[in-house]
Number of protein chains: 2
Amino acid sequence: MTRKLFELVGADPLRPFSPYCWRTRLALAHKGLDAETIPWRFTEKGAIAPYKSEKVPVLLDGDKAVVDSWDIANYLEDAYPDRPSLFGGEGGRASARFLNGWGDMVIIAGILPMIIADVVQRLGPEDQAYFRRTREARFNNRTLEEVSADRDSRVEGFRKTLDPLRLMLRSQPFVGGQSPNYGDYIMFSGFQWARGVSRFALVTEDDPVYDWRERMLDAHGGLARTLPESPL
Amino acid sequence: MTRKLFELVGADPLRPFSPYCWRTRLALAHKGLDAETIPWRFTEKGAIAPYKSEKVPVLLDGDKAVVDSWDIANYLEDAYPDRPSLFGGEGGRASARFLNGWGDMVIIAGILPMIIADVVQRLGPEDQAYFRRTREARFNNRTLEEVSADRDSRVEGFRKTLDPLRLMLRSQPFVGGQSPNYGDYIMFSGFQWARGVSRFALVTEDDPVYDWRERMLDAHGGLARTLPESPL
């Protein structure tokens, strides 16, 4: 039975951009597992309703449906124990729970206001209306363009929040040590999302985080590079 | 041969307060190892010079001297493999490198300006002069009292930076999962340092981080509670 993954796309079905879907896509690659993409758009709630989810990723593995990137990572780790470990043991799995929150609250939430006006440009017309309505409500009804307007000054604060990652990179090339593991996929996913929808420079080329991102783009045969860079 | 640990104290030799020394003390307890305290003060550089260190903790284990809390944790993990693991496997050890940086840059560096004027009150006269001179230089020659003056407003920002820890605590009681491991000692050490030198409330009683700190105070037979709370 073929493995299938619902992945968020916009107008271009070949450009999956959700950071959470990228966590799963990289986790699958880490385990040496493939999965057919089912392109999914924000307004296609009906397609994933049978799996009791309103969000992607949703992984279909045989007759099993697994929802939520964290739960999928744990599912893959437990269902495929003979494949390379995503966490490197139970201590790694436990602390990845913290890394997952850091990746969500510092990286993804930090990047979001800087690229949100770019995200909407990547969507089809129906999704654009949905995205504007739901996201502008979260930002006190400011337009997405207003939210992103101060990004040139905001980016300095974002770069500063990456200091713990930068400090770690003085000692080792990946969160996982000498090779990437799920902790890297958590953190990288936000950068990969941004890369697909925006040309805004989140880090400078002389930043060790930039080099780490390059290594992550190279990982698993350059899987993340298969996402075309944003055209604007 | 008796194990010995140089631990930073101020005027009261029974009040070791360095967060880095607490990381080591809790790591020793986790491994079920005891170590005699050698009280050490900022100005006693000569006492640890033979071990090629200017800072504590310094652990003496038989004829081995180990310097720096991170290196000590790794030493203990490798030298006592049959004792409970500090990291829960190699993935946990690798990601603890990131946690160590987060603990240093977000927790300890976040707390420092809020309690630095209290820290100096806990020191003997000679250490007070040393501490003021070296620390005020790091804060652009502002007095320690000036640095701490805005703590009532600053603490809100600090509490916000703990969101990733708070999010994790919705899923599990410790960074280590169901029981504490070195990731918890890294993060808790900053709170323990503050507890010994200051009465300033870093978190509110309705905060899940407060409850986690209580659990950490209870860990290993209440080891961290043996540090008397700051008298002021």
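Hydrogens, waters and symmetry mates play no part in the numbers below; they use all other heavy atoms, side chains included.
Residue M105(A) holds its CE atom at 8.5 Å from CZ of R166(B), rounded to the nearest 0.5 Å. Distance check: L169(B) CG to R97(A) CZ gives 11.0 Å after rounding to the nearest 0.5 Å. Annotation: the span from F98(A) atom CZ to F98(B) atom CZ amounts to 6.5 Å, rounded to 0.5 Å. In this structure, the separation between OG on S95(A) and CD on Q172(B) is 8.5 Å, given to the nearest 0.5 Å.
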Requested in this report: Could you please spell out the steps behind the side-chain contact (heavy atoms from CB on, under 4.5 Å) verdict for L99(A) and L99(B)?
Outcome: CA-CA 9 Å; L99(A) 303 181; L99(B) 303 181; 4.0 Å; yes
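Residue-environment remark: CD (E54(A)) stays at or below the threshold of 12 foreign heavy atoms within 6.0 Å. More than 12 non-hydrogen atoms from other residues, nucleotides or ligands lie less than 6.0 angstrom from NZ of K31(B). The number of heavy-atom neighbours closer than 6.0 Å to NZ of K45(B), taken from other residues, nucleotides and ligands shown, is above 12. For K160(B), the NZ atom is loosely surrounded, since the number of other residues' heavy atoms within 6.0 Å does not exceed 12.
No side-chain heavy atom of W102(A) sits less than 4.5 Å from a side-chain heavy atom of M168(B).
The shortest heavy-atom contact between P164(A) and G101(B) is CB-C, 4.0 Å.
Residue contact with chain B, scored on non-hydrogen atoms closer than 4.5 Å, involves the backbone of F87(A) exclusively.
Checked against side chain to side chain donor-acceptor pair (under 3.5 Å), R225(B) has the following partners two or more places apart in sequence or in another chain: E214(B), D218(B).
Your options are S85(B), S171(B), G89(B), and the one with the most heavy-atom pairs under 4.5 Å with chain A is S171(B).
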